[in-house]
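Right, one structure below, let's go through it.
Protein chains get the first letters and strands the later ones, always in sequence-line order, with residue 1 at the start of each.
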There are 2 protein chains.
Amino acid sequence: MTADAKNKAQYKAQAKVLKALAHPSRLLIVNELSKRERCVCELAEMVGSEMPTVSRHLALLREAGIVADDKRGAQVFYRLKVPCVMNFFQCIAAVHKKNAQEATLIMG
Amino acid sequence: MTADAKNKAQYKAQAKVLKALAHPSRLLIVNELSKRERCVCELAEMVGSEMPTVSRHLALLREAGIVADDKRGAQVFYRLKVPCVMNFFQCIAAVHKKNAQEATLIMG
DNA sequence: TATCAAATTAGCTAAACCGCTAAATATGTC
DNA sequence: GACATATTTAGCGGTTTAGCTAATTTGATA
């Protein structure tokens, strides 16, 4: 494989992870799972969407390798597998801070 | 505004930033811009897509507040506004490392 | 076994995304 | 002014995403 193709594949893989995170409901889920594990029904309640919808969000996060699931009885508990994604929030906050600063500068 | 609505808006804003990053071509662009500023035509060459396509990718990144543009003559130069996004890659690599480890464990 | 609850899967529609080509806009040069 | 280059905007087709409801699967319980 050429270095170019290798990089392209790498970017694609990275994009998949970011894409999995790039949804308001999934961010809420990840944030909750950073505190403690939760079953699907609890997360559905928190998100405020139907369970099938949340189940699909979780499947996406699982496929991306961000969360792991653990079936116990009739319930499936999800947990955050890669806590470092929580660091993203700080950087993203910086993005908005910078934008707000500029807006202030422009407005006077 | 309720705390709930506030959080919801926050998640939406964060999702927008992540979504802007969640594309192979845009990751390549961000990576290049982390080294130095580049005009659209240079980036189009690197990405290997048509200029209009790359221009739209850049517009998306600009709207998300990740890059800034600077018109000089007939050319428009883009630069990375928030270098901390580069830290994401390390974490994403950890995601894949963890997945690979598990695959190895399962395979024996 | 019959039934209930939790979760996933399937199937549908509406909306968003991505790449292209063509057209419009803006700048520099002859 | 005419023309070439750099960039953006518009518009089109194909693909993906997101939510819902309905149906299916799985485990617990009467």
Please set out all donor-acceptor pairs under 3.5 angstrom arising from side-chain atoms of residues 49-71 of chain A, sequence neighbours excluded.
from, atom 1, to, atom 2, distance (Å)
His57(A), ND1, Arg26(A), NH1, 2.9
Arg62(A), NH2, Tyr78(A), OH, 3.2
Asp70(A), OD2, Arg72(A), NH1, 2.6

Sequence neighbours left out, what passes side chain to side chain contact (heavy atoms under 4.5 Å, CB included) with [X]? Give chain and number order.
X         : value
Glu102(B) : Lys81(A), Lys98(B)
Ala13(B)  : His96(A)
Glu45(B)  : none

Round to a whole Å and report the spacing from [atom1] of [X] to [atom2] of [N].
X        : N       : atom1 : atom2 : value
Glu42(B) : dA6(D)  : CD    : P     : 11 Å
Leu58(B) : dT9(D)  : CG    : P     : 12 Å
Leu61(A) : dT17(D) : CG    : P     : 13 Å
Tyr11(A) : dC18(C) : OH    : P     : 17 Å
Lys16(A) : dT17(D) : NZ    : P     : 11 Å
Phe77(B) : dA6(D)  : CZ    : C1'   : 10 Å
Asp69(B) : dT8(D)  : CG    : C1'   : 11 Å
Met51(A) : dG19(D) : CE    : P     : 16 Å

Heavy-atom contacts, protein to nucleotides 25-30 of chain D, under 4.0 Å, summarised as B (base), S (sugar-phosphate only) or - (none) per nt, yield -SSS--

Phosphate contact (dC17(C) OP1 or OP2) by Lys19(B) side-chain N/O below 4.0 Å:
yes

So, is Tyr78(A) close to the dT8(C) phosphate, meaning a side-chain N or O under 4.0 Å from OP1 or OP2?
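For Tyr78(A), the contact criterion (side-chain N or O under 4.0 Å from OP1 or OP2 of dT8(C)) is met.
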
First locate atom [atom1] of [X], then atom [atom2] of [Y], and finally report the distance between them rounded to the nearest 0.5 Å.
X        : Y        : atom1 : atom2 : result
Leu33(A) : Lys35(A) : CG    : NZ    : 10.0 Å
Leu43(B) : Leu28(B) : CG    : CG    : 8.5 Å
Arg38(B) : Glu32(B) : CZ    : CD    : 6.0 Å
Lys97(A) : Gln90(A) : NZ    : CD    : 10.5 Å

For the helix from dT1(C)-dA30(D) to dC30(C)-dG1(D), what angle lies between the axis at the first five pairs and the axis at the last five pairs, to 10 degrees?
10°

With side-chain contact (heavy atoms from CB on, under 4.5 Å) as the test, pick out the partner of Ile92(A) among Val85(B), Val82(B), Val17(B).
Val17(B)

State plainly whether one hydrophobic cluster holds both Ile29(B) and Phe77(B), where clusters connect Ile, Leu, Val, Met, Phe, Trp and Tyr through side-chain heavy atoms under 4.5 angstrom apart.
no

Could you check if a side-chain atom of Gln101(B) sits within less than 4.5 angstrom of a side-chain atom of Thr104(B), using non-hydrogen atoms only?
no

Check side chain to side chain donor-acceptor pair (under 3.5 Å) between Gln75(B) and all other residues, then give those that pass, not counting sequence neighbours.
none

Taking the nucleotide of DNA chain C with the nearest heavy atom to each, does Gln75(A) or Ala59(A) sit closer to the 5' end?
Gln75(A)

What parts of residues 31-39 of chain B reach DNA chain D, counting only heavy atoms under 4.0 Å away?
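Cys39(B), in order of number.
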
Can you run down the disulfide (SG to SG under 2.5 Å) pairs that involve residues 35-84 of chain B, sequence neighbours left out, and say none if there aren't any?
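Sorted pair list: Cys91(A)-Cys84(B).
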
Quick one: which protein N/O atoms are closer than 3.5 Å to N/O atoms of nucleotides 19-21 of chain C? Pair and distance per line, please.
from, atom 1, to, atom 2, distance (Å)
dG19(C), OP1, His23(B), NE2, 3.3
dG19(C), OP2, His57(B), NE2, 2.7
dC20(C), OP2, Glu50(B), N, 3.3
dC20(C), OP2, Thr53(B), OG1, 2.7

According to side-chain hydrogen bond (donor to acceptor under 3.5 Å, both in side chains), does anything in residues 9-22 of chain B pair up with another residue at least two apart or in another chain? List the pairs.
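Pairs touching residues 9-22 of chain B that pass the test: Asn31(A)-Tyr11(B).
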
